[in-house]
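To keep things clear, I will list the structure first and then write my remarks on it.
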Amino acid sequence: QLEESGGGLVQAGGSLRLSCAASGRTSSPYSLGWFRQAPGKAREFVSAIGWSAGRIYYADAVKGRFTISRDNARNTAYLQMDSLKPEDTAVYYCAAAQSSPSALVQGYVAVWGQGTMGTVSS
């Protein structure tokens, strides 16, 4: 299971930090990632990180502004979102895959979180 937290309302240019806590079968290596879905739009990939954090991927729209990280001792992943724009407003979903993070980039998700809302006002 995955549980997100950290969403909220922030002004443009501000920051939010999302957390994703994994529970259950966490003994095997797994990749974690983030997707988002804006109102009226399809869900899209944001970022993914491998078990050892050696492989990290970002969508072009967030490169240079968002930073993904993880703490395996806490079974938790983070998404630091800086320089936020109104177009970043979306429900952010944590996702897990029992494979390389490139699988998440391609949309092969084994487990989804319930989502947390991030709203950026102009």
Side-chain angles (χ1 to χ4, degrees):
Q1 290 183 336
L2 302 174
E3 183 173 358
E4 304 95 333
S5 61
L9 173 65
V10 66
Q11 288 187 332
S15 299
L16 283 173
R17 188 185 191 220
L18 306 183
S19 298
C20 170
S23 60
R25 297 176 61 183
T26 57
S27 58
S28 299
Y30 56 95
S31 297
L32 289 170
W34 295 91
F35 289 72
R36 67 185 181 185
Q37 187 167 18
K41 295 188 177 182
R43 193 174 298 189
E44 63 177 5
F45 168 78
V46 174
S47 183
I49 185 169
W51 174 258
S52 64
R55 289 186 180 182
I56 291 177
Y57 299 91
Y58 294 102
D60 288 343
V62 306
K63 278 182 183 177
R65 301 187 297 121
F66 291 11
T67 304
I68 192 171
S69 61
R70 65 186 295 167
D71 181 344
N72 291 337
R74 298 176 185 270
N75 294 315
T76 300
Y78 306 94
L79 186 67
Q80 178 67 39
M81 306 189 294
D82 298 318
S83 301
L84 284 163
K85 305 175 182 179
E87 51 263 44
D88 293 318
T89 294
V91 177
Y92 284 78
Y93 296 91
C94 184
Q98 206 81 36
S99 57
S100 165
S102 60
L104 292 174
V105 177
Q106 298 175 58
Y108 295 109
V109 175
V111 182
W112 288 101
Q114 83 286 353
T116 185
M117 184 72 198
T119 303
V120 185
S121 63
S122 57

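Note that the structure is a prediction, hence the values are computed from the model and not measured.
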Check for me, please, whether I56 and V62 land in the same ILVMFWY cluster - side-chain distances under 4.5 Å, paths through other members count.
yes

Of all heavy-atom pairs between G8 and L16, which one has the smallest distance, and what is that distance?
O-CD1, 3.9 Å

Please report the interatomic distance CG(L79) to OH(Y92), rounded to the nearest 0.5 Å.
7.5 Å

For the residue pair C94 and L32, what are the closest heavy atoms and their distance?
SG-CD2, 4.4 Å

Common cluster, V10/L18, ILVMFWY with side-chain heavy-atom separation under 4.5 Å:
yes

Point-to-point distance, once rounded to the nearest 0.5 Å, from OG of S99 to CG of L104
6.5 Å

Using atom types as modelled, flag every donor-acceptor pair under 3.5 Å from a side chain in residues 108-122 to any protein atom, sequence neighbours excluded.
from, atom 1, to, atom 2, distance (Å)
Q114, NE2, E4, OE1, 3.3
T116, OG1, G7, N, 3.3

How about CD on Q37, more than 12 heavy atoms from neighbouring residues, nucleotides or ligands closer than 6.0 Å, or not?
yes

Solution key, residues 65-72 side-chain donor-acceptor pairs under 3.5 Å, sequence neighbours excluded:
from, atom 1, to, atom 2, distance (Å)
R65, NH1, S83, O, 3.0
R65, NH1, D88, OD2, 2.7
R65, NH2, A61, O, 2.9
R65, NH2, D88, OD1, 3.0
R65, NH2, D88, OD2, 3.4
R70, NE, N72, OD1, 2.7
R70, NH1, Y30, O, 2.8
R70, NH1, G50, O, 3.1
R70, NH2, Y30, O, 3.1
R70, NH2, N72, OD1, 3.2
D71, OD1, A73, N, 3.1
D71, OD1, R74, N, 3.4
D71, OD2, R74, NE, 3.2
N72, ND2, W51, O, 2.9

Do the side chains of I49 and P101 get nearer than 4.5 Å, heavy atoms only?
no

So, taking the atom named CG in N75 and the one named CD in Q1, what distance separates them when rounded to the nearest 0.5 Å?
13.0 Å

Nearest 0.5 Å please: distance from the OH atom of Y93 over to the SG atom of C20.
13.5 Å

Between E44 (side chain) and F35 (backbone), is there a donor-acceptor pair under 3.5 Å?
no

Euclidean distance, S100 OG relative to Q106 CD, rounded to 0.5 Å:
8.5 Å

Quick check: is F45 connected to Y58 through a chain of hydrophobic side chains (ILVMFWY, heavy atoms under 4.5 Å apart)?
no

In terms of hydrophobic clusters joined by side-chain contacts under 4.5 Å, are V46 and Y78 together?
no

